[in-house]
**Student:** 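Below you'll find the structure I mean.
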Amino acid sequence: MNVILMGPPGCGKGTQAQRLQDRYGMIQLSTGDMLRAAVAAGTEIGQKAKAIMDRGDLVPDEIVVGIIVDRIQEPDVQKNGFILDGFPRTVAQAEKLDEVLDAKDIEIDHIIELTVDEAALFARIENRAKESGGDVRADDNAETLKKRITVYREQTAPILPYYEKAGRLEKVDGMASIEDVTQQLEDILDPRAETARRA
Ligand code: AMP
């Protein structure tokens, strides 16, 4: 099964993608994690991406599309399916993704938006920064967060109508507890389990 999780920074995509990976075995593909790994390894991509990420901007489409398209075609991902977490983030990325998936005959089973209240997002990210103690992400501070949310609003949110028009967008209340959000996602991904649970 192949899934795209959409939603602004701090909406819980990463946490939920991890949980779905543990539950269903699809592979979480987080472009943020991949880019952070490239920064840590000091690769050419990492060197290009670091300053852009630290200030909360988007890394150029061609870099991100390149890494995700390569990864999607690897045998473990082909076999187990994937959960895209943090990609696509621009309409151009979404279009490119569709093009590549069409060419490879790969289908996306679910595109799910975690909907959130923006004010609550700030509180959530501030908590995340505190809870992680010394290990705070360079882009998890109030100023960069504001920037990342603005970038989301301007560059990423326009993807939602693109999927909505195609009748492909499903929504989940991302403000519910972590457990509840997982439950809502499981109800979408595994409707038989939902029917059994409600019976
Ligand atoms: P994330 O961990 O998903 O919040 O991503 C952290 C940072 O990595 C973002 O603020 C961007 O700078 C960069 N990034 C991650 N995914 C993408 C993407 N699909 N397109 C462009 N930049 C990205």
Side-chain angles (χ1 to χ4, degrees), residues 2-21 26-73 77 82-101 108 111-116 118 120-129 131-132 135-160 162-163 174 178 181:
N2 299 320
V3 176
I4 301 180
L5 279 188
M6 299 284 304
C11 75
K13 290 189 303 289
T15 303
Q16 296 298 336
Q18 180 77 55
R19 289 180 144 222
L20 296 179
Q21 170 172 280
M26 304 92 97
I27 298 179
Q28 174 187 13
L29 299 182
S30 156
T31 39
D33 285 350
M34 291 175 192
L35 289 166
R36 280 184 287 279
V39 170
T43 65
E44 199 180 319
I45 286 179
Q47 287 171 17
K48 280 190 195 148
K50 183 172 184 340
I52 303 174
M53 293 171 74
D54 285 352
R55 65 171 189 261
D57 272 325
L58 294 184
V59 173
D61 288 339
E62 62 275 14
I63 292 183
V64 192
V65 167
I67 57 177
I68 204 81
V69 163
D70 287 349
R71 187 72 186 97
I72 279 176
Q73 296 179 68
V77 177
F82 56 77
I83 308 164
L84 289 183
D85 155 17
F87 183 93
R89 253 179 160 100
T90 63
V91 172
Q93 290 179 16
E95 288 171 348
K96 187 70 198 172
L97 178 67
D98 275 350
E99 206 180 292
V100 171
L101 296 178
I108 300 288
I111 303 176
I112 306 170
E113 178 193 1
L114 299 187
T115 60
V116 296
E118 236 177 60
L121 268 188
F122 282 88
R124 206 185 250 194
I125 293 249
E126 271 167 14
N127 274 340
R128 182 157 89 185
E131 277 165 15
S132 57
D135 187 23
V136 177
R137 272 172 56 173
D139 59 356
D140 262 2
N141 58 68
E143 198 188 320
T144 315
L145 174 64
K146 256 189 223 157
K147 170 77 182 182
R148 288 165 64 209
I149 290 182
T150 308
V151 166
Y152 179 83
R153 229 189 268 133
E154 291 175 355
Q155 299 190 56
T156 307
I159 304 173
L160 300 172
Y162 171 78
Y163 287 141
I178 291 179
V181 174

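Everything quoted here is computed from the prediction, not taken from an experiment. As the structure lists them, so they are numbered: ligands from 1, and atoms in each ligand from 1. When a residue number appears, it is its place in the shown sequence, counting from 1.
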**Student:** At their closest point, which heavy atom of Val77 faces which heavy atom of Ile72, and how far apart are they?
**Tutor:** CG1-O, 3.7 Å
**Student:** Can you tell which part of Gln93 has a heavy atom less than 4.0 Å from ligand 1: side chain, backbone, both or neither?
**Tutor:** side chain
**Student:** If we ignore hydrogens and angles and just use 3.5 Å, is the side chain of Asp85 paired with the main-chain N or O of Ala17 as donor and acceptor?
**Tutor:** no
**Student:** For Tyr163 and Ile4, work out which heavy atoms get closest and say how close.
**Tutor:** OH-CD1, 3.7 Å
**Student:** Could you list which atoms of ligand 1 come closer than 4.0 Å to a heavy atom of Thr31?
**Tutor:** 15 (C), 16 (N), 17 (C), 19 (N)
**Student:** Let me see the working for Lys96 and Asp61 under salt bridge (charged side-chain N to carboxylate O under 4.0 Å, His left out), right down to the final yes or no.
**Tutor:** CA-CA 9 Å; Lys96 187 70 198 172; Asp61 288 339; over 6 Å; no
**Student:** Answer side chain, backbone, both or neither: which part of Leu58 comes under 4.0 Å from ligand 1, heavy atoms only.
**Tutor:** both
**Student:** Show your working on side chain to side chain contact (heavy atoms under 4.5 Å, CB included) between Arg89 and Val64 and close with a plain yes or no.
**Tutor:** CA-CA 10 Å; Arg89 253 179 160 100; Val64 192; over 6 Å; no
**Student:** Should the proximity of Val59 to ligand 1, defined as any heavy atom under 4.0 Å, be assigned to the side chain, the backbone, both, or neither?
**Tutor:** both
**Student:** Less than 3.5 Å apart, any donor N or O on the side chain of Asp98 or Tyr162 sitting next to an acceptor on the other?
**Tutor:** yes
**Student:** If I compare all heavy atoms of Ala157 with all of Arg153, which pair ends up nearest, and what's the gap?
**Tutor:** CB-O, 3.5 Å
**Student:** Enumerate the atoms of ligand 1 whose separation from the nearest heavy atom of Arg148 is less than 4.0 angstrom.
**Tutor:** 4 (O), 10 (O)
**Student:** May I ask you to check whether over 12 heavy atoms, not counting those of Ile52, lie within 6.0 Å of atom CD1?
**Tutor:** yes
**Student:** Side chain, backbone, both or neither: which part of Val151 comes within less than 4.0 Å of ligand 1 when only heavy atoms are counted?
**Tutor:** neither
**Student:** Judged on heavy-atom distance to atom 7 (C) of ligand 1, which of Lys13, Lys50, Met53 sits nearest?
**Tutor:** Met53
**Student:** N/O to N/O below 3.5 Å, does that happen between Asp57 and ligand 1?
**Tutor:** yes
**Student:** Which of the numbered atoms in ligand 1 are under 4.0 angstrom from any heavy atom belonging to Leu35?
**Tutor:** 8 (O), 13 (C), 14 (N), 15 (C), 23 (C)
**Student:** Quick check: does Val64 get an N/O under 3.5 Å from an N/O on ligand 1?
**Tutor:** no
**Student:** For Arg36, counting its heavy atoms only, list the atoms of ligand 1 lying under 4.0 Å from any of them.
**Tutor:** 2 (O), 6 (C)
